[in-house]
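Notes for the one structure printed next.
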Amino acid sequence: MLGNLSTKLQRILRDLKGEGRIAERHIQVAMREIRIALLEADVHFKVVKEFVSRVKARALGQEVLRNLMPGQQVVKIVLDELVELFGREEADLRFSKLSPSVILLVGLHGSGKTTTTGKLALWLQKKGHHPLMVSTDVHRPAAIEQLSIIARDIEIRVYEDKGSDPVGLAKKALQHTLNTGFDILLIDTAGRLHSDAELMTELSRIAEAVNPTEVLLVADAMTGQDAVNSAREFNQCLNLSGVVLTKMDGDARGGAALSIKTVTGTPIKFIGVGEKYEALEVFHPEGMASRILGMGDVLSLIDKAQEVVDEDHARDMLKKLQRNEFTLEDFREQLRQLRRLGPLEQVLGMLPQVGLLKGVKKMQLDEKQLVHLEAIMSSMTAKERAGYKIIKASRRKRIAKGSGRPVSEVNRLLRRYVQMKKMMTKVGKSFSSKGLPKLGFPI
Ligand SMILES: Nc1nc2c(ncn2[C@@H]2O[C@H](COP(=O)(O)OP(=O)(O)OP(=O)(O)O)[C@@H](O)[C@H]2O)c(=O)[nH]1
Ligand SMILES: [Mg+2]
């Protein structure tokens, strides 16, 4: 996520930390580099200017230069100011006191409105809500059908009715929501290549008719400043309450993410991180800032883990770790849970750079390898998984054959497992039994 910008900022700050003593000129150089990195990431020039001047003013402050670890201090300032850019306050989704809450999703053509409608409905359902969806995109053939297909996939109801008037459709859907037990109505709307007067009028009329609790702009992070400009235009007509920044999984440079709050005053509430329906994350300003600086995003990781990990299981696992009973069976289960968390690269990106991460990196686990590892472990007998020591040469051969992997891979897995067992036991012991149960796998 925002890989390029992230790499550059981390390098600049690492260089700065590498200096024994930091003088004003070091800071000047670093600030110039940060400015270039941000501009290259397509961050709005005014945002860059203000950001750099704030960081510089603070970094040149006496207390920093006299500090024992001035480099570290500058990192903290950059982190702090990044959080400020995203808006320090977490912007939660609002719900209306009287049911139903109405969420209107607007945005340019192809920004991800329809997909996000489905993702958000699923997210809300997991939180215990009963959402209903409706598409008012009567302009594009098959647009309504697209939402119905999503609805079928995620098993969430969609309101369908004949008619070619978007405002009428929205009203009828709201009436239906009021008459039934749904507590949230999500309204997917039509997009345009550019925001034009006709679309704005249509959206304003829908908003007037349904009085939305949230008006979320769905913006494509890959389009950088265009996304910011469209946000400004939509905000002028519609009074946006939040932004969902989609396609953050791609090679978005960061321009949209870092400028949108400052330029429009509208906070990012969610980010889309993939095409799957589960690929939606609550936006945590601090988490994102520290992710960019390579410090991980434990908050988002906990969100994810809570969704897929069974808490009782996690508690058991922690106990096992503390007692040094981490078996191959457990290892296999951990891998399964890890894979359920999403693409490995995204998950690793959220881990703080503690010593352990280096360990994980060294192992160079990629997605395919995970599948192979699981295959190898599944070819073992339960007895073997419970006590790895009995896995001698002939058993290794049999396991290799069963899993279709070479014996050398079986050997490597066993070596890694032993290493990991040692490492994890150490980490497990360093957490109190209350410390980590929410985090399904031991990081
Ligand atoms: N990689 C990635 N793709 C996404 C994300 N969100 C949406 N997409 C993809 O973007 C494309 C457009 O998504 P739609 O949901 O159809 O966009 P829309 O805003 O409804 O488009 P219109 O209705 O034509 O205006 C689809 O191929 C989605 O799968 C995301 O977070 N990551
Ligand atoms: Mg659509």
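Ligands are counted one by one from 1 in listed order, and the atoms in each one are counted from 1 as well.
- Counting atoms of ligand 1 from 1 in the listed order, those under 4.0 Å from a heavy atom of T114 are 15 (O), 18 (P), 20 (O), 23 (O).
- Backbone and side-chain nitrogen or oxygen atoms of G272 are examined, and one is located within less than 3.5 angstrom of a nitrogen or oxygen of ligand 1.
- There is no side-chain donor-acceptor pair under 3.5 Å between Q225 and H44.
- Residue contacts with ligand 1 for Q146 involve side-chain atoms from C-beta outward but no N, CA, C or O (heavy atoms, distance under 4.0 Å).
- Taking every heavy atom of H109 and a limit of under 4.0 angstrom, the matching atoms of ligand 1 come to 22 (P), 24 (O), 25 (O).
- Residue-environment remark: CZ (R205) stays at or below the threshold of 12 foreign heavy atoms within 6.0 Å.
- Here the protein heavy atom with the shortest distance to atom 23 (O) of ligand 1 is R140 NH2, 3.4 Å.
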Pair L413-R405, side-chain contact (heavy atoms from CB on, under 4.5 Å): steps then yes or no: CA-CA 11 Å; L413 177 139; R405 305 304 308 165; over 6 Å; no
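- Between W123 and F270, the ring planes lie perpendicular to each other; the angle is over 60°, past the 30° to 60° tilted range.
- Heavy-atom distances between S111 and ligand 1 reach below 4.0 Å in at least one pair.
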One pair to check against side chain to side chain donor-acceptor pair (under 3.5 Å): D330 and T327. What are the steps and the verdict? CA-CA 5 Å; D330 300 323; T327 64; 3.1 Å; yes
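- Judged purely by distance below 3.5 Å, without hydrogens or angles, the side chains of E202 and H139 pair a donor atom with an acceptor atom.
- Neither the backbone nor the side chain of E281 comes within 4.0 Å of ligand 1, counting heavy atoms alone.
- For ligand 1, the atoms closer than 4.0 angstrom to any heavy atom of K113 are 15 (O), 17 (O), 18 (P), 19 (O), 20 (O), 21 (O), 22 (P), 25 (O).
- Ranked by closest heavy atom to atom 22 (P) of ligand 1, the top entry among G274, G110, G118, G191 is G110.
- Closest to atom 8 (N) of ligand 1, if we only count protein heavy atoms, is K247 CE, 3.8 Å.
- Looking at V106, T115, D137, it is T115 that brings a heavy atom closest to atom 7 (C) of ligand 1.
- For ligand 1, the polar-atom distance check against A279 finds no nitrogen or oxygen pair separated by under 3.5 Å.
- Using cut-offs of 30° and 60° for the angle between ring planes, the H129 and F95 rings count as parallel.
- Looking only at protein heavy atoms, the nearest one to atom 3 (N) of ligand 1 is E275 CG, 3.4 Å.
- The nearest protein atom to atom 17 (O) of ligand 1, hydrogens excluded, is given as G112 N, 3.0 Å; this is a heavy-atom distance.
- Near V273, with a cut-off below 4.0 Å to any heavy atom, the atoms of ligand 1 are 31 (O).
- Under 2.8 Å from the Mg ion (ligand 2) lies no N/O/S atom of Q146, from backbone or side chain alike.
- Here E281 contributes atom CD and I271 contributes atom CD1; the two are 4.5 Å apart, rounded to the nearest 0.5 Å.
- Under the 4.0 Å criterion applied to side-chain N and carboxylate O atoms, R58 and E81 are assigned as salt-bridge partners.
- Counted by atom type alone, E208 and S204 present zero donor-acceptor pairs between their side chains at under 3.5 Å.
- Between D188 and ligand 1, no pair of N/O atoms sits closer than 3.5 Å.
- Ranking protein heavy atoms by distance to atom 32 (N) of ligand 1, first place goes to D249 OD1, 2.9 Å.
- Note on D80 versus R88: salt bridge recorded, some NZ/NE/NH1/NH2 to OD/OE distance being below 4.0 Å.
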